[in-house]
Novice: 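Sending over a structure as structure tokens; questions will come in a sec.
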Amino acid sequence: MNDRILLSPPDTGPAEEEAVLRALRGGWVAPLGPEVDAFEEEIAAYTGRKHAVALSSGTAALHLGLLNFGVGPGDVVVTATMTFAATANAIIYTGAEPVFVDCDETGNIDVDLLDEAVSDLQAQGRRIAAIVPVDLLGKVANYERITEIAGRAGAPVLSDAAESLGAWRNGRPAGSFGDASILSFNGNKVMTTSGGGMLLTDDADVATRTRYLATQARQPVLHYEHTEVGYNYRLSNILAAIGRAQLGRLDDMIERRRHTRLRYREMVAALPGVQMFGAPDGSDGGPTRDNYWLTSVLIDPDAAGWSASTLAARLNEGGIEARPLWKPMHLQPVYEGRRSYSNGTSERLHSSGLSLPSGSVMTAAQLDHVIQTIQEVTEALHRATPDVSAPLSATAPPTSSPDTR
Ligand SMILES: *Cc1c(COP(=O)(O)O)cnc(C)c1O
């Protein structure tokens, strides 16, 4: 353990220990097994899907989801620029070309801009092989409009719900949107298997083909016959056991994160130039709600007298992990020159936004400490001379967090 207060560390305890022992003692140490089958059924029930396929990561789930829709070289896939690199990387694995679309104030894909991008690409005669929206930081995207736009383009929707398990939109659970969707159980997500992911769909053929591609595309014969290139992407039975224990605690863990959100909301009300990101957040737990994965604030440097990067540096020095919102894909060196439809919002959210420790494992004392530190630091900054800090890119990266993306 370390004493740094992290953004979203794994939250495991006796239930997970017991689950791992159960799986080990059951003799299914190999990938696949009864824990995987049960985990798939339980997640499918939780998200209201007919089929769930447990995989080794959310990235693997994105990759196989795209392959299922026939995405390949020469195709374009329209996706959100405001996301973690895995979304874009999976598109590249297929040989297709990603087209990035900017976000609105919620951080999710701007549906008017998506509409424009799709019309443009169609006018140019490009085949849009898939649309991949992302539910940013636990808030479900506007699938009503996305589905309508995708329908017009004849493109399937693969929903990247890696960050949003447990959230709802208009009474429907995250993961239930699109022709297929994916989840991540990476260590920093709202629940974890230490590493893992899932593909969700209502289409039995998609589920079958995903299982087949994830197990090296083996034909059902004794001698290992292969007619296609496959992948080794299935989840281990031991890890699925951890996932089942986590799923049993998920609603409690989300409730803890919600409580943290409300505490930060109170804090922000008293800080000039600071506002909550993504408000209103449906904190009543109603038919549209966040899963509160990460709570982030937006800082207006003119009103506050200091910038997000200054606060980030002070907090990280003091052992509190704080990070900017995702750096948009169209600004990443690896995706330089790729086609994008920008409106400046993702860039602004990246430079003014800061995610704060939000994990369900955080104790009341740790949360008090974080809030008190933010209050002290911002008061001191407010009293000090106008902000002269270096831009974000020059800020030293925080240390010691094993996987804090
Ligand atoms: C975490 C994440 C992924 C990737 O999931 P892994 O399980 O880490 O491969 C994909 N998309 C988004 C938006 C994520 O946050």
Side-chain angles (χ1 to χ4, degrees), residues 6-10 39 43 52-66 77-94 98 100-101 103 106-109 130-141 143 146 157-167 174-175 177-178 180-200 210 214 231-236 239-240 242-243 246 257 278 290-294 296 323-329 332 335 346 349-350 353 355 358-359 401-405:
L6 301 176
L7 279 191
S8 182
F39 187 37
I43 289 276
V53 183
L55 298 165
S56 53
S57 69
T59 310
L62 284 165
H63 186 193
L64 295 189
L66 292 168
V77 174
V78 183
T79 191
T81 193
M82 192 55 157
T83 186
F84 176 57
T87 319
N89 291 348
I91 296 167
I92 297 292
Y93 299 166
T94 68
F100 299 115
V101 175
C103 60
T106 67
N108 284 331
I109 199 161
I131 295 178
V132 186
V134 177
D135 298 343
L136 194 81
L137 308 191
K139 186 181 281 300
V140 182
Y143 289 97
I146 292 166
V157 173
L158 177 62
S159 158
D160 183 343
E163 301 175 4
S164 63
L165 179 63
F177 298 92
S181 57
I182 71 98
L183 303 175
S184 166
F185 308 120
N186 190 56
N188 63 343
K189 294 301 197 304
V190 75
M191 65 166 256
T192 185
T193 57
S194 85
M198 206 165 287
L199 184 131
L200 307 172
T210 300
Y231 303 85
N232 181 6
Y233 277 173
R234 290 308 308 266
L235 186 69
S236 121
L239 301 189
I242 300 177
Q246 290 266 285
R257 287 182 195 257
D290 257 59
N291 70 357
Y292 312 99
W293 177 47
L294 293 182
S296 313
R323 280 177 186 264
L325 301 187
W326 298 128
K327 179 171 179 174
M329 288 305 114
Q332 295 286 358
Y335 290 120
S346 59
L349 292 177
H350 171 62
S355 295
S358 308
S401 173
D403 186 351
T404 47
R405 64 199 200 209

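Index from 1, following the sequence. Counting convention: from 1, in listed order, for ligands and their atoms alike.
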Novice: Between T81 and M329 (side chain of the first, backbone of the second, donor and acceptor by atom type, cut-off under 3.5 Å), is there such a pair?
Specialist: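 Yes; at least one donor-acceptor contact below 3.5 Å.
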Novice: Going by the closest heavy atom to atom 12 (C) of ligand 1, which one wins out of A162, A60, G138?
Specialist: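 Nearest heavy atom to atom 12 (C) of ligand 1 lies in A162.
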Novice: Which is closest to atom 7 (O) of ligand 1 in terms of heavy atoms, A161, A80, S184?
Specialist: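 The nearest heavy atom belongs to S184.
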Novice: Side-chain contact, heavy-atom cut-off 4.5 Å: L325 with S296?
Specialist: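 SC-SC contact between L325 and S296 confirmed.
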Novice: Side chain, backbone, both or neither: which part of D160 comes within less than 4.0 Å of ligand 1 when only heavy atoms are counted?
Specialist: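 Contact part for D160 vs ligand 1: side chain (C-beta onward).
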Novice: Heavy-atom contacts with K189 under 4.0 Å: which atoms of ligand 1 show up? List them by number with element.
Specialist: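 Close to K189: 1 (C), 2 (C), 14 (C), 15 (O).
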Novice: Between Y335 and N89, is there a side-chain heavy-atom distance shorter than 4.5 Å?
Specialist: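 The answer is yes; the side chains approach within 4.5 Å.
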Novice: Could you grab the distance from atom CD of E163 to atom CG of N188, nearest 0.5 Å is fine?
Specialist: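 Answer for the CD-CG pair, E163 versus N188, is 8.5 Å.
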Novice: Does an N or O anywhere in I182 fall below 3.5 Å from an N or O of ligand 1?
Specialist: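 Between I182 and ligand 1, no N or O pair is found under 3.5 Å apart.
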Novice: Working to the nearest 0.5 Å, report the span between CG of N186 and CG of L183.
Specialist: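 Separation between the atoms: 12.5 Å.
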Novice: Output the list of atoms in ligand 1 that are nearer than 4.0 Å to some heavy atom of G196, sorted by atom number.
Specialist: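 What qualifies from ligand 1 is 7 (O).
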Novice: Do any nitrogen or oxygen atoms of W293 come within less than 3.5 Å of a nitrogen or oxygen of ligand 1?
Specialist: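 Checking ligand 1 against W293, no N or O pair falls under 3.5 Å apart.
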Novice: Between F185 and F39, is the gap from one ring center to the other below 6.0 Å?
Specialist: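 Between F185 and F39, the centre distance is under 6.0 Å.
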Novice: Could you list the atoms of ligand 1 found under 4.0 angstrom from a heavy atom of T87?
Specialist: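 By the 4.0 Å cutoff, the relevant atoms are 11 (N).
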Novice: Would you mind running through ligand 1 and noting each atom that sits below 4.0 Å from a heavy atom of T83?
Specialist: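 Those of ligand 1 that fall under 4.0 Å from T83 are 13 (C).
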Novice: Using the ring of each side chain (for Trp, its six-membered ring), is F84 parallel, tilted or perpendicular to W326, with breaks at 30° and 60°?
Specialist: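 Taking W326 first and then F84, their aromatic rings sit tilted (interplane angle of 30° to 60°).
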Novice: Return yes or no for this condition: an N or O of E163 is under 3.5 Å from an N or O of ligand 1.
Specialist: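 Yes, since at least one N or O of E163 sits under 3.5 Å from an N or O of ligand 1.
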Novice: To the nearest 0.5 Å, how far apart are CG in D160 and OG1 in T87?
Specialist: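 Reported value, rounded in 0.5 Å steps: 4.0 Å.
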Novice: Using heavy atoms and a threshold below 4.0 Å, how should the contact between A86 and ligand 1 be classified: side chain, backbone, both, or neither?
Specialist: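 Near ligand 1, A86 shows its side chain, while the N, CA, C and O stay back.
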Novice: What atoms in ligand 1 come closer than 4.0 Å to a heavy atom of V134?
Specialist: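 In order of number, 13 (C).
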